[in-house]
Amino acid sequence: MRAIVFDQFGSPDVLHEADIEVPQPGPGQVRVRVKAAGLNALDGKIRSGMLEAVRPTPLPAVPGGELAGVVDALGEGVSDVQVGDEVLGWSDTGSYAQYALATTVAPKPAGLDWQHAVALPVAGETAERVLNLLGVTAGETVLMHGASGAVGTLAVQLATARGARVIATAGPANQDYLTSLGATATVYADGLVERVQALAPDGVDAVFDLAGKGALEDSITLRGGTDRIVTIADFGARRLGITFSQGSQERSTARLAALAQDAAVGKLVTTVTAYPLDQAATAQQVSDAGHVRGKLVLTVG
Ligand SMILES: NC(=O)c1ccc[n+]([C@@H]2O[C@H](COP(=O)([O-])OP(=O)(O)OC[C@H]3O[C@@H](n4cnc5c(N)ncnc54)[C@H](OP(=O)(O)O)[C@@H]3O)[C@@H](O)[C@H]2O)c1
């Protein structure tokens, strides 16, 4: 099968097409004919080698942690999914490929296309996990740093659906985008503390840092301490006594199915930029640059 592979760590140029074996599903796994692969900032961090000390990757490797596609083979013990089912979920083998294995998948509603479906697993799970960790409830004000990307697009909508007010940062080009999602938008430039204090004179109840670009000290100032601040991207968090939330293995088919239903009926909006599989290097270059609006996806086949 056709796949995108890297056999050394480095810039996006290390990604190349290769013909590799079709993977065989083990117990509890399904094999999916991939229609769309989700591209995550993590893919570039793995490819660059920057995570080798904490999360080694055996080479050669196929990138990609999520997929949408059609089930084409079942491993031993799988009874809740049939061959031919249209699904979205997390991939156990790299999803930048024609076929990948998966353990946790949810049905794709007919009204949701492949590209918008694949915007949900990683970003949806991350957004829900952190909002739960922060304990965001109706009537509260949440500050989100860097909310115009894949996770932020969902986090803003899920927090406002809980009845919270969201103050969110992005660059100048994404202010209207954040407003369209339901947030009060501001830029992430110097003077952030003063701007947020003007927007929320009674203070912010929780802070969700999605950017990892040095906003934690300002967050402590705004919160008056480290309580109810969570980052998913700032590796300096623990030094400051702030919670870093890691990717979770507690993946819920039911929650993913519910997000997919909401997306299918327009209750949850995703914004997608798609590249064909053979332009994976270009797509990762765009991701590495760090100014993606919504989700980058690769279309396969
Ligand atoms: N720990 C976990 O469980 C977990 C899970 C998923 C993702 N992540 C990490 O979380 C981060 C966000 O993921 P994502 O997929 O949403 O990323 P993304 O789609 O690449 O979004 C990045 C966003 O950051 C904004 N940004 C850039 N520079 C900024 C700055 N100086 N201050 C504030 N915001 C800035 C950008 O806004 P503008 O374009 O407007 O500049 C862009 O919208 C990534 O680092 C990713 O690896 C962690």
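All values below were derived from every heavy atom in this structure, side-chain atoms included, with hydrogens, water molecules and symmetry-related copies excluded. Counting starts at 1 for both ligands and their atoms, in listed order.
Within the 3.5 Å criterion, the main-chain N or O of G38 finds no donor-acceptor partner in the side chain of S95.
Interface of A170 with ligand 1, defined as ligand atoms under 4.0 Å from a residue heavy atom, comprises 40 (O). The atoms of ligand 1 that sit less than 4.0 Å from any heavy atom of G171 are 38 (P), 40 (O), 41 (O). Heavy-atom contacts of V292 reach the following atoms of ligand 1: 42 (C), 43 (O) (cutoff under 4.0 Å). Close contacts between ligand 1 and H291 involve ligand atoms 27 (C), 28 (N), 38 (P), 39 (O), 41 (O) [criterion: under 4.0 Å to a heavy atom]. Numbered from 1 in the order shown, with element, the atoms of ligand 1 that lie under 4.0 Å from a heavy atom of A233 read 10 (O), 11 (C), 45 (O). Less than 4.0 angstrom separates some heavy atom of G294 from each of these atoms of ligand 1: 19 (O). Against a heavy-atom cut-off of under 4.0 Å, G247 is close to the following atoms of ligand 1: 1 (N), 2 (C), 3 (O). Annotation for ligand 1: atoms under 4.0 Å from non-hydrogen atoms of L210 are 10 (O), 11 (C), 12 (C).
Nearest protein heavy-atom contact of atom 15 (O) of ligand 1 is A150 CB, 3.5 Å. When only non-hydrogen protein atoms are considered, atom 22 (C) of ligand 1 lies nearest to G290 O, 4.0 Å. In terms of protein heavy atoms, atom 16 (O) of ligand 1 is closest to V151 N, 3.0 Å. Ranking the protein heavy atoms by distance from atom 28 (N) of ligand 1 puts Y188 OH, 3.6 Å first. Here the heavy atom of the protein found nearest to atom 21 (O) of ligand 1 is G149 CA, 3.4 Å. When hydrogens are left out, the protein atom nearest atom 43 (O) of ligand 1 is S148 OG, 2.7 Å; that is the closest non-hydrogen contact. In terms of protein heavy-atom proximity, atom 6 (C) of ligand 1 is closest to T126 OG1, 3.7 Å.
Proximity of I232 to ligand 1, defined as any heavy-atom pair under 4.0 Å, is shared by backbone and side chain alike. Residue contacts with ligand 1 for N174 involve side-chain atoms from C-beta outward but no N, CA, C or O (heavy atoms, distance under 4.0 Å). Contacts of R129 with ligand 1, taken as heavy-atom pairs under 4.0 Å, involve the side chain alone. Only the side chain of K213 comes within contact range of ligand 1, with a heavy atom under 4.0 Å; no backbone atom does.
Of all heavy-atom pairs spanning L39 and K295, the tightest one is O-NZ, 3.4 Å. Between Q115 and V272, the closest heavy-atom pair is O-CG2, 3.6 Å.
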- Passes salt bridge (Lys or Arg N to Asp or Glu O under 4.0 Å), E66 versus R251? Steps please. CA-CA 12 Å; E66 62 192 334; R251 295 160 175 172; over 6 Å; no
- Can you list the steps and then say if M144 with L178 is a side-chain contact (heavy atoms from CB on, under 4.5 Å)? CA-CA 11 Å; M144 296 189 189; L178 289 180; over 6 Å; no
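Two residues are said to be in side-chain contact when any heavy atoms from C-beta on lie closer than 4.5 Å; I20 and M1 meet this criterion.
Q284 and D43 are not linked by any side-chain donor-acceptor pair at a separation below 3.5 angstrom, with hydrogens and angles left out of the test. Side-chain contact check for H16 and D7: at least one donor-acceptor pair (N or O, by modelled atom type) lies under 3.5 Å.
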Show me the side-chain donor-acceptor pairs of residues 73-81 shorter than 3.5 Å, one per line, residues at least two apart or across chains.
none

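Contact between G212 and ligand 1 is absent, with no heavy atom of the residue lying under 4.0 Å from the ligand. The closest approach between any non-hydrogen atom of A147 and ligand 1 is not below 4.0 Å. Within the 4.0 Å heavy-atom shell around ligand 1 one finds S245. Under a 4.0 angstrom heavy-atom cut-off, K45 registers as being in contact with ligand 1.
Heavy-atom contacts from other residues, nucleotides or ligands closer than 6.0 Å to CD of E217 number 12 or fewer. Enclosure of atom CG in D190 is not indicated, since only 12 or fewer non-hydrogen atoms of other residues, nucleotides or ligands lie within 6.0 angstrom.
Not a single N or O atom of A41, backbone or side chain, sits closer than 3.5 Å to an N or O atom of ligand 1.
For R47 and F6, the positive end is not near the middle of the six-membered ring at less than 6.0 Å and at most 45° from its axis.
At a threshold of 4.0 Å, the pair R255-E125 does not count as salt-bridged, since none of the basic side-chain nitrogens sits closer than that to a carboxylate oxygen.
Residue pairs that meet the salt bridge (Lys or Arg N to Asp or Glu O under 4.0 Å) test with at least one member in residues 166-183, sequence neighbours left out, do not exist here.
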